[in-house]
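Working notes for the structure below.
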Amino acid sequence: MKATGIVRRIDELGRVVIPKEIRRTLRIREGDPLELFTDRDELMLKKYSPIASVDRFAEGTVKSLNEQSGLTAVITDGDVVLAAAGAGKKGLVGKTVSDKLTEIMSSRRSYLASRAEGGEVVPITSEGTDFTAEVIVPIVANGDCLGTVILLSAEEGFVPEGSAVKLTRLTADIIANQFE
């Protein structure tokens, strides 16, 4: 744990203000759920991610999605890549999602792009991408976007087929149903 040197007082309603710099660094936005942990005399806050609670399911799902599609499969929550299978997975897992991907999540709309057709391929992580085509489908449950299911290709000239889009949507729907 890292000390910040910041001290805040609890108000009469039991509230504590988390400084803007810390909220920005940890990507905590208004309305985000936080999980509370205690250990003896310590209180810890962690950004709550319902999808992160299904780690094993996410790993098995991306593996199956990769096998069925032949493409790199990825599942993210709102902040990080939780699981990936296929080419380039080591450069994705555990990395923070890009701002562009966050925008797609907040729009709650699917995104399909191929450089071969002149589309803009959105970087999945803040570290960029080497992929040339992608299908991104938000996981929406009870009106909230919990993350995304993504299929990626690094093959030059690749254009995602309708079956890849349907498979990605089906996977996102199955995951979303786990939380409704």
Side-chain angles (χ1 to χ4, degrees), residues 20-32 46-52 54-55 57-141 144-176:
K20 188 175 186 175
E21 306 81 41
I22 292 175
R23 292 193 317 264
R24 186 179 303 130
T25 302
L26 298 177
R27 299 175 66 130
I28 297 172
R29 297 180 251 335
E30 182 179 329
D32 282 351
K46 179 180 177 189
K47 190 170 177 184
Y48 177 70
S49 169
I51 289 186
V54 291
D55 287 8
F57 180 73
E59 288 173 15
T61 302
V62 293
K63 184 177 179 189
S64 294
L65 195 53
N66 168 253
E67 289 170 0
Q68 294 300 313
S69 68
L71 303 171
T72 300
V74 177
I75 293 178
T76 74
D77 67 6
D79 296 311
V80 298
V81 175
L82 297 174
K89 81 174 193 172
K90 289 184 180 177
L92 295 168
V93 177
K95 303 283 195 276
T96 303
V97 299
S98 70
D99 291 338
K100 286 256 191 184
L101 185 56
T102 301
E103 287 175 27
I104 291 170
M105 283 187 251
S106 60
S107 75
R108 291 171 174 72
R109 292 178 166 232
S110 298
Y111 186 84
L112 176 65
S114 172
R115 285 195 185 133
E117 294 183 331
E120 180 188 350
V121 177
V122 171
I124 302 307
T125 68
S126 50
E127 297 174 11
T129 185
D130 291 329
F131 297 100
T132 60
E134 63 193 354
V135 178
I136 302 171
V137 179
I139 301 166
V140 180
D144 294 326
C145 183
L146 306 177
T148 58
V149 176
I150 305 169
L151 283 180
L152 301 165
S153 175
E155 182 183 319
E156 286 300 322
F158 182 81
V159 177
E161 300 174 2
S163 60
V165 174
K166 287 179 183 178
L167 190 58
T168 310
R169 283 195 176 129
L170 174 65
T171 304
D173 287 346
I174 289 170
I175 294 171

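Atom set for the values below is all heavy atoms of this structure, side chains included, hydrogens, waters and symmetry mates excluded. Everything quoted here is computed from the prediction, not taken from an experiment.
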Strictly by salt bridge (charged side-chain N to carboxylate O under 4.0 Å, His left out), give each pair with a member in residues 78-91 just once, sequence neighbours left out.
Arg27-Asp79, Lys47-Asp79

Does Glu120 have any salt bridge (Lys or Arg N to Asp or Glu O under 4.0 Å) partners at least two apart in sequence or in another chain, and if so, which?
Lys100

Under the salt bridge (Lys or Arg N to Asp or Glu O under 4.0 Å) rule, collect the residues that match up with Lys63, sequence neighbours excluded.
none

Does atom CD of Gln68 have more than 12 heavy-atom neighbours from other groups under 6.0 Å away?
no

Exactly one of Ile124, Leu71, Leu112, Thr168 clears side chain to side chain contact (heavy atoms under 4.5 Å, CB included) with Glu134, and that residue is Ile124

Once side-chain contact (heavy atoms from CB on, under 4.5 Å) is applied, do any residues pair with Leu26, and if so which ones, sequence neighbours excluded?
Ile22, Ile28

If I compare all heavy atoms of Tyr111 with all of Ala113, which pair ends up nearest, and what's the gap?
CE2-CB, 3.6 Å

Output side-chain donor-acceptor pairs under 3.5 Å for residues 148-155, partner residues at least two apart or in another chain, one line each.
residue	atom	partner	partner atom	Å
Thr148	OG1	Thr76	OG1	2.6
Ser153	OG	Glu155	N	3.2

Sequence neighbours excluded, the answer for side-chain contact (heavy atoms from CB on, under 4.5 Å) partners of Val159 is Ser114, Ala116, Glu117

Which atom of Ala141 lies closest to which atom of Leu146, heavy atoms considered
CB-CD1, 3.8 Å

Applying salt bridge (Lys or Arg N to Asp or Glu O under 4.0 Å) to Asp144 and not counting sequence neighbours gives none

Those residues at least two apart in sequence (or on a different chain) that pass side-chain contact (heavy atoms from CB on, under 4.5 Å) with Ser64 are none

